[in-house]
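Notes to accompany the following structure.
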Number of protein chains: 2
Amino acid sequence: MKHQHILEELRGKGVRLTPQRLLILNTVAQGEGHLGVDEVFRQAKESYPYMDIATVYRTLHLFKKMGVVTEVAIGDRLHFEITDPDGRHHHMVCRECGGAYNLAPDYLVEFRETLMREFAFEPDLDNFTVTGICSVCQSKDKAKV
Amino acid sequence: MKHQHILEELRGKGVRLTPQRLLILNTVAQGEGHLGVDEVFRQAKESYPYMDIATVYRTLHLFKKMGVVTEVAIGDRLHFEITDPDGRHHHMVCRECGGAYNLAPDYLVEFRETLMREFAFEPDLDNFTVTGICSVCQSKDKAKV
DNA sequence: TAAGCTCTTGCAAACGTTTGCGATTACTAA
DNA sequence: TTAGTAATCGCAAACGTTTGCAAGAGCTTA
């Protein structure tokens with residue numbers, strides 16, 4: 001069981017650490033990359049058969065609100081990952097293959113400054129996703145034509 | 001009935017123009033700004049009581065695929081508007097008040113070029129939405145503290 | 001350690017959205 | 001104008017997600 005610091009943090013915020021929550025946290029942590037809700041549910045259920053899908057949803061939303069996990073929209077489906085501890089990152093999601101790529105925060109600094117200066121609009125760039133077509137799929141598409 | 005050019009365009013693409021579709025198109029067009037699915041449904045039902053919610057969903061998705069309407073995510077809810085004919089625009093959505101502001105394409109040109117150059121990632125910036133806090137709500141928040 | 005308070009869980013029902021299907025309708029061609 | 005064909009509609013059921021509620025469990029205090 002890693003993520004001891006996350007547990008301390010949650011306890012400090014008055015979040016009760018139930019077996020279900022620990023299990024879901026572990027599942028998300030072990031699921032390298034990004035897991036969908038149903039995948040988290042299925043895996044957690046293997047360890048604890050009474051696990052309820054409603055608990056999974058409630059727990060993931062709680063973790064998201066607490067900043068412990070990050071939600072990434074991949075083609076209409078929500079995926080979850082443990083929040084990047086050393087500096088947040090963003091995502092580029094390919095609409096063709098569904099692949100998710102990380103994007104360092106630097107690339108958004110200027111965009112953010114522009115919106116602030118021009119519109120006094122403070123964008124949420126902590127959890128930012130841009131969809132598009134990745135380089136691999138671009139090559140494939142060209143090959144088809 | 002405006003939007004004659006849209007009808008021609010749809011017919012040209014082999015889309016059947018049923019009364020239900022015309023009605024939904026008019027509803028979206030008249031609903032200044034952005035209408036939710038339920039609002040489109042309710043308004044369309046006033047003119048044609050047999051209107052089915054499934055038809056509204058199917059039609060809006062069809063129109064979206066045809067490029068006739070644009071989908072905007074406003075705080076977990078999808079809204080629809082007639083696609084901007086003279087140059088597309090983007091949206092800034094306030095997560096506090098739910099307000100949607102237009103954003104001219106210019107502000108994204110540089111961001112797009114960066115992603116292309118650095119990652120060969122072609123972003124979908126035709127229908128781009130960034131959430132955040134608008135200037136009005138920022139002032140309110142300050143006042144509360 | 002045990003009691004008590006509050007939060008969380010599991011269940012079931014509700015909600016919003018999507019899908020399958022038979023009946024109906026828009027469009028095409030004669 | 002009419003008949004034929006394929007797409008669309010309305011209905012109902014299915015699906016994924018959220019919510020209400022009573023039973024159960026975590027944390028605090030003494």
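Chain letters run A, B, ... following the sequence lines, proteins first and then strands; every chain starts at 1.
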Pairwise distance NZ(B:K45) to CZ(B:R42) - rounded to 0.5 angstrom: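 Rounded to the nearest 0.5 Å, the NZ-CZ separation comes out at 10.5 Å.
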field: Nearest-0.5 Å distance, CD of residue B:E118 to CG of residue A:D106
entry: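 Going from CD on B:E118 over to CG on A:D106, the span is 10.0 Å.
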Whole Å only: how far is the [atom1] atom of [X] from the [atom2] atom of [N]?
X: A:L10; N: D:dC27; atom1: CG; atom2: P; value: 11 Å
X: A:R21; N: C:dC7; atom1: CZ; atom2: C1'; value: 8 Å
X: B:Y50; N: D:dT8; atom1: OH; atom2: C1'; value: 18 Å
X: A:Q20; N: C:dG10; atom1: CD; atom2: P; value: 4 Å
X: A:D52; N: C:dG10; atom1: CG; atom2: P; value: 6 Å
X: B:L22; N: C:dT25; atom1: CG; atom2: P; value: 15 Å
X: B:L60; N: C:dT18; atom1: CG; atom2: C1'; value: 14 Å
X: A:K65; N: D:dT18; atom1: NZ; atom2: C1'; value: 15 Å

What pair of heavy atoms forms the shortest contact from [X] to [Y], and how long is it?
X: A:V56; Y: A:I24; result: CA-CD1, 3.8 Å
X: B:E110; Y: A:E110; result: OE2-OE2, 3.3 Å
X: A:I82; Y: A:A29; result: CG1-CA, 3.6 Å

Short N/O separations, protein against nucleotides 21-26 of chain D, under 3.5 angstrom:
| from | atom 1 | to | atom 2 | distance (Å) |
| --- | --- | --- | --- | --- |
| D:dG26 | N2 | A:R16 | NH2 | 3.1 |

field: Pairs where residues 59-70 of chain A contributes a residue and the test salt bridge (Lys or Arg N to Asp or Glu O under 4.0 Å) is met, not counting sequence neighbours
entry: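 Sorted result for residues 59-70 of chain A: A:K64-A:E71.
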message: I'd like to know if A:K13 pairs up with A:E9 as an ion pair, taking the criterion as any Lys NZ or Arg NE/NH1/NH2 lying under 4.0 Å from an Asp or Glu carboxylate oxygen.
response: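 A salt bridge links A:K13 with A:E9.
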- prompt: Under 4.5 Å between any side-chain heavy atoms of B:F121 and A:L103, yes or no?
  reply: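 Answer no - side chains too far apart.
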Sugar-phosphate, base or nothing in reach of B:F41, heavy atoms under 4.0 Å: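 No contact at all - B:F41 keeps every heavy atom at 4.0 Å or more from the nucleic acid.
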Tabulate atom names and distances for all N/O pairs under 3.5 angstrom spanning the protein and nucleotides 13-16 of chain C.
none

field: Toward the 5' end of DNA chain D, by each residue's nearest nucleotide, A:R11 or B:V15
entry: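 By nearest-heavy-atom nucleotide position, the 5'-most residue is B:V15.
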task: Give me the ring orientation class for B:F111 and A:F128: parallel if the planes are under 30° apart, tilted from 30 to 60°, perpendicular past 60°.
output: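 Judged by the thresholds at 30° and 60°, the geometry between B:F111 and A:F128 is perpendicular.
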